[in-house]
2 protein chains.
Amino acid sequence: MSADPSARRGIPDATVARLPEYLRALTGFAERGITSVSSEELAAAAGVRSAKLRKDLSHLGSYGVRGVGYEVDHLAYQISRELGLTQDWPVAIIGMGNLGHALAAYSGFATRGFRVVALLDQDSHLLGQEIAGITVQPMDALTSLAEQGLAIGVIATPAASAQDVCDQLVAVGVRSILNFAPCVLVVPEDVDVRKVDLSTELQILAFHEQRRALAAEGALEHVTLEPINSAVGR
Amino acid sequence: MSADPSARRGIPDATVARLPEYLRALTGFAERGITSVSSEELAAAAGVRSAKLRKDLSHLGSYGVRGVGYEVDHLAYQISRELGLTQDWPVAIIGMGNLGHALAAYSGFATRGFRVVALLDQDSHLLGQEIAGITVQPMDALTSLAEQGLAIGVIATPAASAQDVCDQLVAVGVRSILNFAPCVLVVPEDVDVRKVDLSTELQILAFHEQRRALAAEGALEHVTLEPINSAVGR
DNA sequence: ACGCTTTTGTGAACGGATGCACAAAGTCAC
DNA sequence: GTGACTTTGTGCATCCGTTCACAAAAGCGT
Ligand SMILES: NC(=O)c1ccc[n+]([C@@H]2O[C@H](COP(=O)([O-])OP(=O)(O)OC[C@H]3O[C@@H](n4cnc5c(N)ncnc54)[C@H](O)[C@@H]3O)[C@@H](O)[C@H]2O)c1
Ligand SMILES: NC(=O)c1ccc[n+]([C@@H]2O[C@H](COP(=O)([O-])OP(=O)(O)OC[C@H]3O[C@@H](n4cnc5c(N)ncnc54)[C@H](O)[C@@H]3O)[C@@H](O)[C@H]2O)c1
């Protein structure tokens with residue numbers, strides 16, 4: 001489609017979900033000093049088929065060169081831009097228990113695009129304590145954070161408190177929420193919630209594990225089993 | 001279709017991925033003493049449409065009663081059985097850094113179906129240390145763990161070590177792996193890898209956040225924006 | 001006993017995502 | 001400058017998942 005800007009809109013969700021993996025693979029190539037990759041090489045590094053990669057990239061524009069491939073830096077920039085990583089998004093983490101501590105210490109945030117601007121908790125024993133160089137604040141700090149442009153809220157409280165915390169985030173205008181608590185959050189339709197759920201993933205693994213176990217003992221003789229390397233879900 | 005057992009096989013991946021959420025919702029109803037739910041009520045609690053819920057459940061068999069709904073305990077049992085949660089799966093966590101510590105302390109594992117049987121790390125300073133009541137062991141403990149039937153490996157090491165750890169797990173026969181490291185793992189086709197990736201999720205949130213920001217400033221006048229509450233990915 | 005109400009289970013239509021296969025487009029060697 | 005070679009971008013067919021809409025099934029009241 002070449003560089004028609006009007007065609008650059010409406011990128012499929014499935015494609016958006018894979019862009020971060022492509023970006024990571026490109027960063028890896030760049031670190032090894034590789035300046036150009038073919039769709040075949042990049043797809044292998046990202047764990048997808050090359051046709052899928054090319055179709056995904058075609059939604060962003062036409063950044064490849066036929067007969068050659070893609071320029072690593074340029075493609076990485078284009079994907080970053082599309083994902084909105086050329087600016088820094090202020091992030092607040094709510095709930096500084098075991099998981100909240102690990103998240104606060106996690107360097108992956110700062111890497112690019114995100115900046116942890118606040119750690120919040122309800123527990124008065126934690127307030128004022130410093131974690132990874134940031135002082136833990138009470139929940140009512142949310143209002144002033146929102147005024148300073150808080151973009152993303154990360155919920156790391158127990159499930160019982162998650163909806164309450166979510167409502168507070170929505171109330172101050174946060175429209176992007178990442179939820180680690182194992183529960184469904186109810187939000188207005190203009191708010192985007194994504195869930196990271198350990199126990200769901202384990203249960204999906206258990207399902208396949210059981211299938212293999214049953215197949216091994218011959219209980220599922222008439223069932224094809226092999227094609228396991230799938231994803232879906234998330 | 002009723003109770004034809006041969007039709008009970010081949011549950012779609014998308015359905016399997018939602019079963020844990022249904023199970024969680026059912027557990028919630030059971031805790032509140034509710035013994036019977038309609039597909040409408042259960043779907044609302046799980047955050048899906050009732051038609052989708054009914055189609056999903058129809059893949060497991062015919063456990064509802066027309067005009068009434070589903071018996072909470074019975075349906076929960078059927079889903080548990082389908083997911084393989086009526087037995088306990090031995091889990092090992094590899095990499096006891098910030099995240100590994102949080103995971104080891106996490107009560108969600110023990111809740112049902114999973115038992116953390118070992119914590120492993122390469123770092124000699126951590127060996128012998130006790131975390132959440134379990135002693136940290138060196139990597140070569142994997143062999144004997146495998147002999148005792150280790151089913152699932154959870155990788156919580158840095159990305160640079162993840163493929164190496166993964167290979168060791170596969171070598172001793174582990175075929176279900178949950179990967180927290182931000183990288184693609186290469187495995188034989190009979191091994192099932194699922195990924196929990198914080199930064200991918202954040203980047204997807206950033207994409208939608210940017211879309212909203214651009215739309216607000218009128219740069220995308222001709223683009224419909226509203227339908228955000230989507231998932232995909234994972 | 002019977003008809004009215006409720007809710008399931010599912011056939012059919014739809015839409016989005018994936019995989020295939022190839023023409024178009026560009027590079028590079030000479 | 002030309003021709004052979006490489007790799008992209010995409011039309012098309014297929015597959016999978018979602019949604020709609022309703023007939024069949026069960027309970028309930030009378
Ligand atoms: N620990 C893990 O490895 C892990 C893994 C996956 C999911 N999770 C989930 O993440 C969440 C946090 O887990 P955790 O182990 O850190 O729990 P935790 O109990 O250690 O910490 C929870 C923190 O949230 C705070 N909190 C509670 N209610 C609050 C409220 N209304 N407002 C603000 N703060 C509040 C508490 O003070 C506490 O500090 C849980 O929902 C858990 O299921 C944890
Ligand atoms: N901390 C978080 O909140 C967070 C969130 C998302 C993802 N992650 C990812 O999870 C992983 C772990 O994060 P972390 O913050 O706990 O890191 P960390 O550096 O604190 O801990 C890593 C641990 O792995 C051990 N290790 C390294 N190589 C090993 C090997 N070959 N075999 C066995 N053990 C080995 C180290 O000794 C260390 O104890 C990283 O890949 C990180 O990107 C972390």
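Treat the numbers as computed from the prediction; the structure is a model and nothing was measured. The basis for the numbers below is simple: all heavy atoms, side chains too, and nothing from hydrogens, waters or symmetry mates. Chain naming here is simple, since letters A, B, ... match the order of the sequence lines and numbering starts at 1 in each.
- The two atoms that bring Y70(B) and R54(B) nearest to each other are OH-CG, 3.9 Å, heavy atoms only.
- Atoms CG (L53(B)) and P (dT19(D)) sit 12 Å apart, rounded to a whole Å.
- Contact between the side-chain N/O atoms of R54(A) and the OP1/OP2 oxygens of dG11(D) is not found at any separation under 4.0 Å.
- Counting to the nearest Å, the P atom of dT8(D) and the CZ atom of R49(A) are 16 Å from each other.
- Atom pair H59(B):NE2 and dT18(D):P shows a separation of 10 Å (rounding to whole Å applied).
- Distance from the side chain of V65(A) is smallest for dT27(C) among the nucleotides dT27(C), dA17(C), dG9(C).
- Between the CD1 atom of I11(B) and the P atom of dG17(D) there is a distance of 12 Å, given to the nearest Å.
- Side-chain atoms of K55(A) and base atoms of dG19(C) include a donor and an acceptor less than 3.5 Å apart.
- Protein atom CD of E71(B) is 14 Å distant from nucleotide atom P of dG27(D), rounded to whole Å.
- Considering only heavy atoms from C-beta on, L85(A) comes within 4.5 Å of F114(A) through its side chain.
- The phosphate of dT7(C) has neither OP1 nor OP2 within less than 4.0 Å of any side-chain N or O from S39(B).
- Counting heavy atoms from C-beta outward, W89(A) and L202(B) have side chains that stay 4.5 Å or more apart.
- Both V68(B) and D56(A) lie close to DNA chain C; mapped to their nearest nucleotides by heavy-atom distance, the more 5′-ward contact belongs to V68(B).
- In this entry the distance linking CG of D13(B) with P of dC16(D) reads 10 Å, nearest Å.
- Considering only side-chain N and O atoms, Y70(A) lies nowhere under 4.0 angstrom from the phosphate OP1 or OP2 of dG26(C).
- Put simply, the side chain of R66(A) and the base of dT7(D) share no donor and acceptor less than 3.5 Å apart.
- Looking at D190(B) and R175(B), their side chains come closer than 4.5 Å, going by heavy atoms from C-beta outward.
- Between S38(A) and dT7(D) there is no side-chain polar atom (N or O) within less than 4.0 angstrom of OP1 or OP2.
- Here the P atom of nucleotide dG9(C) and the CG atom of L75(B) are 10 Å apart, to the nearest Å.
- For the pair D192(A) and L205(B), the minimum side-chain heavy-atom distance is below 4.5 Å.
- Per the geometry, CD belonging to E40(B) stands 14 Å off P belonging to dG9(C), to the nearest Å.
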